[in-house]
Asks: 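Dumping the structure here so I can ask a few things about it.
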Amino acid sequence: MSRSNETELDHTLHAYILDYFRKKQYSQSIQSFISEAHVPSDVAIIDSPEGFLFEWWAIFWEIYNARNNKSASNEARIYSEMQASKHHHAHPFNNQPMP
């Protein structure tokens with residue numbers, strides 16, 4: 001990964017973290033994060049009710065739980081089963097015992 005891509009990724013992640021802190025009204029965390037991570041305080045707020053980071057985390061957690069046979073929504077279970085089926089069809093010999 002090039003240094004410019006890494007910088008862009010850091011900037012984007014910092015924007016999502018700052019947005020999450022703002023949506024949760026974590027004022028001390030906001031000030032500390034801006035200071036420590038050198039994030040500009042004028043980073044735009046992302047148009048997402050709970051914040052993009054929180055919403056991404058909620059989806060990830062649902063799919064992770066479905067994949068690990070834990071409590072998950074029907075949608076997450078269906079998605080997980082479809083992904084497992086795609087993987088099985090793409091690699092049909094992975095699950096067969098060696099002679």
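Counting from 1, the numbers follow the sequence of the chain as shown.
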Asks: Rounded to the nearest 0.5 Å, how far does OG of Ser29 lie from OH of Tyr20?
Replies: 9.5 Å
Asks: A quick test of your reading: do over 12 heavy atoms of other residues, nucleotides or ligands sit less than 6.0 Å from CG of Asp47?
Replies: no
Asks: Which heavy atom in Glu55 sits nearest to a heavy atom in Glu50, and how many Å separate them?
Replies: OE2-N, 3.3 Å
Asks: Do Phe33 and His14 make a side-chain contact, defined as non-hydrogen atoms from C-beta onward lying under 4.5 Å apart?
Replies: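 Yes, close enough: below the 4.5 Å cut-off.
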Asks: Can you measure from CD (Gln28) to CD (Gln31) and round to the nearest 0.5 angstrom?
Replies: 9.5 Å
Asks: Kindly give the heavy-atom pair with the smallest separation between Arg22 and Asp42, and that separation in Å.
Replies: NH2-N, 4.4 Å
Asks: Is there a side-chain contact between Leu53 and Asp19 (heavy atoms, below 4.5 Å)?
Replies: no
Asks: Ring centres of Trp57 and Phe60 under 6.0 Å apart?
Replies: yes
Asks: Distance under 6.0 Å and angle within 45° of the ring axis: does Lys23 meet both against Phe52?
Replies: no
Asks: CD1/Ile63 to CG/Asn68 distance, rounded to the nearest 0.5 angstrom?
Replies: 12.0 Å
Asks: Any side-chain heavy atom of Glu62 within less than 4.5 Å of one from Glu75?
Replies: no
Asks: If we only count heavy atoms from C-beta on, is the Leu9 to Leu13 side-chain gap below 4.5 Å?
Replies: no
